Amino acid sequence: MTLNSQTNSSINPWVLCLMASFFYGFQYILRLLPNVIRADLINLYGIDAAAFGTFNAVYYLGYALFHIPAGVLIDRIGVKSVMTLSILGCGLGISAPLISPSWELALLGRFILGAASSPAILGLFKIIQSHFPATRFSSVLGVSVTIGLSGGLFGNRPVGILKELIGWEYVTWVFIITSLLLSALFVILMPKANHTVSVASQSTFKSLRQLLSNKHVWAVALLSGLMIGPLEGFADAWGVPFFETVYHLDTATAQTLPSVIFFGFCFGAPLLGYLGEKIQRPYTIMILCALVMAITYVFILSATFQNTLWLYGAMILIGLLCAFQVFMIFINTRVVASHLVSISSSFTNMVMMSFGTIFHAAIGSSITYCWDGTTLNEHPIYSTTAYTIGLSIIPLGLLIAGLGFLWIKPKNESKLFDN
């Protein structure tokens, strides 16, 4: 197949996928950075759990708001230009704490990072949609996301070790320099767009109106958002302090456990993608993923797993099931007209990721509300009860999502795989 709107280059499509996946992994590391330097941010800005939750939530606000514009820009000017500028934007976003101890500037930087991270997955969607058959979308996306999620593996404990060796300021500089080098790589290797704009991209707002009138697309996107808590709520920020407080684990183990979720995701993305193509029942897989994750989180929050090995197993299982994301995009690109496929994938991912704002804000506010007044060096210390109540929103969202997908599931799921 040819690259419809990007390039006529003979570069192997898998090379393009690899480059986009590498950027996807890099922005994941930057997204998780506050999880590693949490104590440093609290000391620098003098914030509590609610403010820290807001800091993480602002990332998803920027990510969600820029999603549709990013998709339009990719269609208009090409993957190369948009992703190169986005990588530079990521470097700019994380530089805020180095520039000034202003909390407002920190929030602005986090917002910029979120907005600049949007094109990472959208560029990957575009490359896959342009180079591979539609029925192979979920399996190719699964492999590509597996590569990209290596950033999640390195985003906690390995970065934590680096921080212990050189300090958070130098770690930030390392990532700023990496963004400059990665953007240069895209300039050199990514093919140029041929600047042919499709009729669909010329009528973006008309296409968006058509998409927004599709209730099924809305339902899949919103229910998928309720399932994102394990990644955007737990692994991104609250997993480390939860394990330290509730399970009394050392910092090294507490930082490693959330990363194991991404390890499970790495296997789950291609595995579930392959399984989905074989049994052709994506809704059923989504339902099972939601309900099994909900049950697992109930056990985790109730401190049932006293053996650390069981915790590692639970994290791997959750990560594997978080790969449900390959199906939400697949479903919403198969229930719309062909000219709405690109904007449908952007919209679906935007809605899902926007739930990161909800999860972080709700968890942070709940933990702060349950604070018993205990402090250490004038900083609040939160109890086991506070973390358990705050994180209970995750299994609740998963349960609602599972029941919701059961409600909207069509009788014949295999029709989605018809050419």
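Because the structure is predicted, anything quoted here is derived from the model rather than measured.
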Answer yes or no: is there a donor N or O on one side and an acceptor on the other, between the side chain of Glu413 and the main chain of Thr284, under 3.5 Å? yes
On a heavy-atom basis, which atom in Gly89 and which in Ala116 lie closest, and how many Å separate them? C-CB, 3.6 Å
Look at the rings of Phe23 and Phe186 and say which category their plane angle falls in: under 30° parallel, 30 to 60° tilted, over 60° perpendicular. perpendicular
Would a 4.5 Å heavy-atom cut-off, applied to side chains only, mark Ile316 and Phe265 as touching? no
Is the backbone N or O of Gln280 less than 3.5 Å from a side-chain atom of Ser414, with the two atoms forming a donor-acceptor pair by type? no
Answer yes or no: is there a donor N or O on one side and an acceptor on the other, between the side chain of Ser365 and the main chain of Ala362, under 3.5 Å? no
Would a 4.5 Å heavy-atom cut-off, applied to side chains only, mark Ser224 and Met286 as touching? yes
Just how far is it from atom CG of Leu257 to atom CE of Met315, taken to the nearest 0.5 Å? 6.5 Å
Ignoring hydrogens and geometry, is there a side-chain-to-backbone donor-acceptor pair from Asn214 to Gln210 under 3.5 Å? no
So do the side chains of Leu211 and Trp218 get within less than 4.5 Å of each other, counting heavy atoms only? no
Rounded distance (nearest 0.5 Å) linking atom CD1 of Ile47 with atom CZ of Arg38: 8.5 Å
Just one of Arg110, Arg31, His360 clears the side chain to side chain donor-acceptor pair (under 3.5 Å) bar with Tyr59, so which one? Arg31
Pairwise side-chain contact, Phe66 with Pro119, heavy-atom cut-off 4.5 Å (strictly under): yes
May I ask you to decide if Phe242's main-chain N or O and Thr245's side chain share a donor-acceptor pair within less than 3.5 Å? no
Decide yes or no for Tyr170 and Leu162: does some side-chain heavy atom of the first lie under 4.5 Å from some side-chain heavy atom of the second? no
What residues, two or more places apart in sequence or in another chain, satisfy ring pair (Phe, Tyr, Trp, His ring centres under 6.0 Å) together with Phe243? Phe234, Tyr247
Check: Leu61 main-chain N/O paired with Thr357 side-chain donor or acceptor under 3.5 Å: yes
State whether the side chain of Asn35 and the backbone N or O of Ala235 hold a donor-acceptor pair below 3.5 Å, judged by distance alone. yes
Test side chain to side chain contact (heavy atoms under 4.5 Å, CB included) applied to Leu88 and Leu92, step by step: CA-CA 6 Å; Leu88 293 174; Leu92 176 63; over 6 Å; no
Closest non-hydrogen contact found for Thr333 with Ser344 is N-OG, 4.1 Å
Check step by step if side chain to side chain contact (heavy atoms under 4.5 Å, CB included) holds for Phe330 and Thr348. CA-CA 10 Å; Phe330 172 73; Thr348 304; over 6 Å; no
Donor-acceptor contact present, side-chain Gln27 to main-chain Tyr24, <3.5 Å: yes
Establish, yes or no, whether a centroid distance under 6.0 Å links the rings of Tyr45 and Phe52. no
Interatomic spacing from CG in Leu398 to CG in Leu223 - rounded to 0.5 Å: 11.5 Å
Are the aromatic ring centres of Phe55 and Trp103 under 6.0 angstrom apart? yes
Would you call the rings of Tyr382 and Tyr387 parallel, tilted or perpendicular, where under 30° means parallel and over 60° means perpendicular? perpendicular
Just wondering, do Phe262 and Leu231 contact through their side chains at under 4.5 Å, heavy atoms? yes
Give a yes-or-no answer on whether the side chains of Thr251 and Glu244 include a donor-acceptor pair shorter than 3.5 Å. yes
Should Leu249 and Thr308 be marked as a side chain to side chain contact (heavy atoms under 4.5 Å, CB included) after you check the CA-CA gap, both sets of side-chain angles, and the distance that decides it? CA-CA 9 Å; Leu249 299 177; Thr308 306; 4.2 Å; yes
Tell me, yes or no, whether the heavy-atom count around Arg157 atom CZ, taken from other residues, nucleotides or ligands under 6.0 Å, exceeds 12. yes
Return the CG to CD1 distance between Leu226 and Ile358, rounded to the nearest 0.5 Å. 8.0 Å
Output the distance between atom CG (Leu301) and atom OG1 (Thr388), rounded to the nearest 0.5 Å. 6.0 Å
For Asp40, salt bridge (Lys or Arg N to Asp or Glu O under 4.0 Å) partners two or more places apart: Lys163
If I compare all heavy atoms of Gly390 with all of Ile393, which pair ends up nearest, and what's the gap? O-CG2, 3.5 Å
Once you measure the plane-to-plane angle for Phe359 and Phe355, does it fall in the parallel (<30°), tilted (30-60°) or perpendicular (>60°) bin? tilted
For the residue pair Leu272 and Leu275, establish whether any side-chain heavy-atom pair is separated by less than 4.5 Å. yes
Check Ser117 against Cys90 and note the closest heavy-atom contact, atom names and distance. OG-SG, 3.8 Å
Determine, stepwise, if the pair Leu406 / Tyr283 fulfils side chain to side chain contact (heavy atoms under 4.5 Å, CB included). CA-CA 8 Å; Leu406 183 63; Tyr283 290 88; over 6 Å; no
Restricting to non-hydrogen atoms, name the atom on Asp48 and the atom on Thr368 that form the minimum distance, rounded to 0.1 Å. OD2-CG2, 4.0 Å
Taking only residues two or more places apart in sequence, or in another chain, which ones meet Ser302 in a side-chain hydrogen bond (donor to acceptor under 3.5 Å, both in side chains)? Thr304
Backbone N or O of Ile176 within a donor-acceptor pair of the Ser179 side chain at under 3.5 Å? yes
Just how far is it from atom SG of Cys266 to atom CG of Leu320, taken to the nearest 0.5 Å? 10.5 Å
Heavy-atom count check: over 12 atoms from other residues, nucleotides or ligands less than 6.0 Å from Phe22 CZ? no
How close do Val220 and Phe405 get, heavy atom to heavy atom, and via which atoms? O-CZ, 3.9 Å
Close side-chain approach of Phe324 and Ile287, heavy atoms under 4.5 Å: no
Determine yes or no for a side-chain-to-main-chain donor-acceptor pair under 3.5 angstrom, with Asn349 supplying the side chain and Ser345 the backbone. no
